[in-house]
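Before any comments, here is the structure.
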Amino acid sequence: MYQPPHFREDRLEVQHALIRAHPLGLLVTHGGTGLIANPIPFVLDATASPHGTLRAHLSRANPQWRDFDPDQEALVVFHGTETYITPSWYEAKREHGKVVPTWNYAIVQAYGRMRVTDDSDWLQKQITAMTSAQESTRAEPWAVSDAPADFVAAQLKGIVGVEIEITRIEGKWKVSQNRSEADRRSVAMGLRILGDEDARQMADLVDERGA
């Protein structure tokens, strides 16, 4: 990933926080038919290895779990908040007009060799962990155990597990750090005026990273 120094984010805890907040990762592997990419929800176990371990499952009908080279790295891309930035927000536009549009975003790329399993106990733990992570904030959280055991067992036969021990991980927070303080203030203000949640989150990042 292209990494200008002012956008680089190397803190593992910050990278992990983005993965947990945006767990739908794009799984990219290479096999006999070339590159394959699928969006897959992951669970991160930060304690399982030095950089963390990602766990997920694929439909048994999905060819990706069969057609991949286990000796090559897999890549998982996690996208955080992203927004278009209009040059109309820059103070520099009013000063000299030499400005162009851009896109702000936060992203994490995790690499490691992929392992596949169809162990039913592993799969049960994975779907339970994934469901618990997403249901925990609900007033009446649903649990895997709420479904009949024979139904869950039948569903498990239709999936295979995927585990990736992260061997390298990169973070990039491109949130207007390369602009002047005046430009950053006006970008954050413009985003807040938009009023939607993505814009608000990006405004917070612009303020935080510009401090």
Side-chain angles (χ1 to χ4, degrees), residues 1-28 37-47 50-56 74-112 130 132-138 164 166-211:
M1 178 163 57
Y2 173 55
Q3 284 278 42
H6 41 273
F7 298 147
R8 190 179 190 96
E9 176 52 77
D10 290 326
R11 291 172 294 176
L12 188 61
E13 68 275 16
V14 177
Q15 297 166 342
H16 281 184
L18 183 142
I19 292 173
R20 291 193 180 96
H22 303 274
L24 186 68
L26 183 66
L27 173 63
V28 185
N38 281 289
I40 306 294
F42 283 87
V43 175
L44 171 67
D45 184 345
T47 63
H51 296 295
T53 295
L54 296 169
R55 300 189 179 106
L75 165 65
V76 188
V77 183
F78 296 95
H79 278 279
T81 302
E82 51 84 17
T83 54
Y84 171 77
I85 304 298
T86 173
S88 298
W89 287 335
Y90 294 147
E91 289 297 321
K93 176 181 180 293
R94 287 173 278 282
E95 294 171 6
H96 49 67
K98 297 177 181 179
V99 292
V100 294
T102 193
W103 215 281
N104 277 8
Y105 55 87
I107 192 171
V108 168
Q109 294 185 351
Y111 302 81
M130 183 182 68
S132 297
Q134 299 304 312
E135 292 280 341
S136 61
T137 58
R138 297 177 63 85
I164 299 171
I166 301 172
T167 54
R168 59 189 180 105
I169 185 168
E170 298 179 335
K172 184 176 182 179
W173 267 243
K174 181 182 176 295
V175 292
S176 300
Q177 301 99 314
N178 58 326
R179 304 302 308 183
S180 68
E181 181 180 352
D183 281 352
R184 291 196 302 270
R185 283 199 307 266
S186 57
V187 165
M189 182 182 300
L191 287 165
R192 294 190 193 285
I193 290 171
L194 289 180
D196 63 81
E197 182 60 19
D198 284 342
R200 185 195 65 76
Q201 290 181 12
M202 181 54 69
D204 288 347
L205 285 177
V206 172
D207 285 340
E208 172 193 319
R209 296 296 173 119

Do His16 side-chain atoms and His51 backbone N/O form a donor-acceptor pair below 3.5 Å?
-> yes
Check whether any side-chain heavy atom of Arg192 sits under 4.5 Å from a side-chain heavy atom of Asp207, and report yes or no.
-> yes
Inter-residue atom distance Lys174.NZ - Ile85.CD1, 0.5 Å rounding = 7.5 Å
Rounded to the nearest 0.5 Å, what's the gap from CG on Leu18 to CZ on Phe78? Could you check?
-> 8.5 Å
Does a donor on one side chain sit under 3.5 Å from an acceptor on the other, for Thr102 and Asn104?
-> no
Search all heavy atoms of Val99 against all heavy atoms of Pro87 and return the closest pair with its distance.
-> CG2-CB, 3.5 Å
Using a distance-only test with no angle check, is there a side-chain donor-acceptor pair under 3.5 angstrom linking Ser176 and Asp183?
-> no
Measure across Met1 and Ile107 and return the closest heavy-atom pair with its distance rounded to 0.1 Å.
-> SD-CG2, 3.8 Å
Mind checking whether Leu12 and Val14 have side chains closer than 4.5 Å, heavy atoms only?
-> no
Please tell me if the side chains of Gln177 and Val206 come closer than 4.5 Å, counting only heavy atoms from C-beta onward.
-> no
Under a 4.5 Å cut-off applied to non-hydrogen side-chain atoms, are Pro41 and Met130 in contact?
-> yes
Got a second to check how far Ile164's CD1 is from Leu27's CG, nearest 0.5 Å?
-> 5.0 Å
Nearest non-hydrogen partners of Gln109 and Leu75, listed with the distance = CB-CD1, 3.8 Å
In terms of side-chain geometry, is the basic nitrogen of Asp204 or Arg200 positioned less than 4.0 Å from the acidic oxygen of its partner?
-> yes
Does Glu9 pair with Arg209 as a salt bridge, N-O distance under 4.0 Å?
-> yes
Closest approach of Arg20 to Ala46 (non-hydrogen atoms, all atoms of both residues) = NH2-CB, 3.4 Å
Kindly give the heavy-atom pair with the smallest separation between Tyr90 and Ser186, and that separation in Å.
-> CA-OG, 3.9 Å
Would a 4.5 Å heavy-atom cut-off, applied to side chains only, mark Trp173 and Leu205 as touching?
-> yes
Taking side chain as C-beta onward, heavy atoms only, is Tyr111 less than 4.5 Å from Glu170?
-> yes
Partner of Glu181 by salt bridge (charged side-chain N to carboxylate O under 4.0 Å, His left out), out of Arg184, Arg179, Arg185 = Arg185
Is a side-chain donor-acceptor pair under 3.5 Å present for Tyr105 with Lys172?
-> yes
Flag side-chain contact, heavy atom, 4.5 Å: Leu54 against Asp45 = no
Sidechain-backbone polar pair: Gln3 side chain, Gly171 backbone, donor-acceptor under 3.5 Å = yes
In short, Thr137 meets Gln134 closest at the heavy-atom pair OG1-O, 4.3 Å
Between Arg8 and Asp10, is a side chain to side chain contact (heavy atoms under 4.5 Å, CB included) present by the stated rule, with each step listed?
-> CA-CA 6 Å; Arg8 190 179 190 96; Asp10 290 326; 2.9 Å; yes
Could you go step by step and tell me if Leu191 and Thr83 meet the side chain to side chain contact (heavy atoms under 4.5 Å, CB included) rule?
-> CA-CA 9 Å; Leu191 287 165; Thr83 54; 3.9 Å; yes
Measure the shortest side-chain to side-chain distance between Thr53 and Leu44 over non-hydrogen atoms and say whether it is less than 4.5 angstrom.
-> no
Steps toward side chain to side chain contact (heavy atoms under 4.5 Å, CB included) verdict (Leu26, Val76) | CA-CA 5 Å; Leu26 183 66; Val76 188; over 6 Å; no
